[in-house]
Amino acid sequence: MPRLSALLLLATSLVRASVLSQTPIYTQDDDSDTPLPLIIWHGLGDSFGNDGLQSVAALAEETNPGTFTYIIKLADDANGDSRASFFGNLTEQIDQVCADLAVHQILSTAPAVDALGFSQGGQFLRGYIERCNFPPVRSLVTFGSPHNGISEFQSCSATDWLCKGAQGLLRTNTWTQYVQSHLVPAQYFRDPFQYDDYLEYSNFLADINNERELKNQTYKENLEKLERFVMYMFEDDATVIPKESSWFAEVNGTEVQELKDRVLYKEDWLGLKALDKKGALEFKSTEGGHMSLTDKLLKDVFKGYYGPYGRSFEEKVKLDLQEEL
Ligand SMILES: *[C@@H]1O[C@H](CO)[C@@H](O)[C@H](O)[C@H]1NC(C)=O
Ligand SMILES: *[C@@H]1O[C@H](CO)[C@@H](O)[C@H](O)[C@H]1NC(C)=O
Ligand SMILES: *[C@@H]1O[C@H](CO)[C@@H](O)[C@H](O)[C@H]1NC(C)=O
């Protein structure tokens, strides 16, 4: 088994190497038809080598031919990468991703990149944008990403020992420094009934959401630069609790407060209001449970929000309308 995966990895890197040599060099030319590179941050338990992610990359290529896709990884082997989705300090993980992207031969020379976040990968990409944003992100699309955290930890399948191990630790003490620096989901745990503890001890989300008294202006400035920020919620999501977290809503008990009614938006701690004013913030929903994605949905997203650097989003909408007339 280990030998087989080593072979697969080798095959993947050979394919990558050939892609590298064919990929045109990006210029700052706005008229270029070359699609921007796409970066993908996968979800909990997944790994960069997963077939599902490879087929997402293939769909991106099919929709916008010439797309270079980079799947974010935190280890060179698939097991290590999957492990890092459960265990690690998110501050360090995001630093590592920032460092990797900043020196990547293709990504760092492109005028911008597009970004796709699956589940927790979505708020981690937001963290990347807020903290580094080099290369800068043009369109960020997130699917079922708990931007406002989770108030319950997802259940593990009976045989998923990695998940169970993490769960055991999480439940014992969410707010200890040990758990906040080692358990990934704990770093975006946010129970409105334990809000003071969250503000004090959350290693990631309270900071990245600028919820503490001292706001980081850089976070707001970087996020405001997005041309599109699109948040998808799965209508029957039972993994992300509450599911409205995918739309950045506040759910306290039975009360749901939409993003636009929240002080975070009204005082614009993160630039979300500014994005909304320029028509760049979109709330979308799609049927099914957590991560029920179809090829059609993904292709629509790739067509709607990714593609060449100089493209205009408004024109795109008009074109689609004309096609329908
Ligand atoms: C704000 O975030 C930037 C980027 O991560 C960091 O360099 C800076 O030190 C932060 N500022 C404050 C006041 O924390
Ligand atoms: C996570 O890592 C950062 C950077 O090394 C460190 O400053 C921080 O204290 C760590 N978080 C926790 C909860 O230990
Ligand atoms: C949620 O509601 C409780 C009870 O009304 C309140 O004490 C708490 O501060 C609220 N949390 C937030 C984040 O608003």
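Start at 1 and go down the list; that is how both ligands and their atoms are numbered.
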ring-ring contact (aromatic ring centres under 6.0 Å, His included) assessment of Phe189 paired with Phe153: CA-CA 8 Å; Phe189 183 80; Phe153 294 114; 4.7 Å; yes
From CA spacing to verdict: side-chain contact (heavy atoms from CB on, under 4.5 Å), Phe302, Glu62: CA-CA 10 Å; Phe302 298 163; Glu62 201 180 312; over 6 Å; no
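- Within the 4.0 Å cut-off (strictly below), no protein heavy atom is located near atom 9 (O) of ligand 2.
- Contact analysis puts Glu250 in contact with ligand 3, with a non-hydrogen atom separation below 4.0 angstrom.
- Criterion: ILVMFWY side-chain heavy atoms under 4.5 Å apart, direct or through other members. Under it, Leu90 and Tyr178 are part of a common hydrophobic cluster.
- Taking every non-hydrogen atom of Gln177 and a distance limit under 4.0 Å, the qualifying atoms of ligand 2 come out as 12 (C), 13 (C), 14 (O).
- Of all the atoms in ligand 3, the ones that sit under 4.0 Å from a non-hydrogen atom of Tyr195 are 13 (C).
- When hydrogens are left out, the protein atom nearest atom 1 (C) of ligand 2 is Asn89 ND2, 1.5 Å; that is the closest non-hydrogen contact.
- From the protein, the heavy atom lying nearest to atom 12 (C) of ligand 2 is Ser181 CB, 3.4 Å.
- Among the atoms of Glu92, some N or O lies under 3.5 angstrom from an N or O of ligand 2.
- With atom 2 (O) of ligand 3 as the reference point, the heavy atom nearest to it among Asp196, Val263, Asn148, Asn252 is part of Asn252.
- For atom 4 (C) of ligand 3, the closest heavy atom belonging to the protein is Phe193 CE2, 3.8 Å.
- A cation-pi arrangement is present between Arg228 and Phe313 under the rule of less than 6.0 angstrom and at most 45 degrees off the ring axis.
- Protein heavy atoms are found inside the 4.0 Å sphere centred on atom 14 (O) of ligand 3.
- Here the options are Tyr232, Tyr265, Trp247, Phe229, the test is ring-ring contact (aromatic ring centres under 6.0 Å, His included), and the partner is His147; only Phe229 passes.
- For atom 6 (C) of ligand 1, the closest non-hydrogen atom on the protein side is Asn216 ND2, 4.2 Å.
- Between Phe68 and His104, the two ring planes are tilted [angle within 30° to 60°].
- Between Phe204 and Phe124, a ring centre-to-centre spacing shorter than 6.0 Å is recorded.
- Follow the hydrophobic side-chain contacts under 4.5 Å out from Ile72 and you reach Ile208 in the same cluster.
- When each atom of ligand 1 is checked for a heavy atom of Arg131 under 4.0 Å away, the hits are 4 (C), 5 (O).
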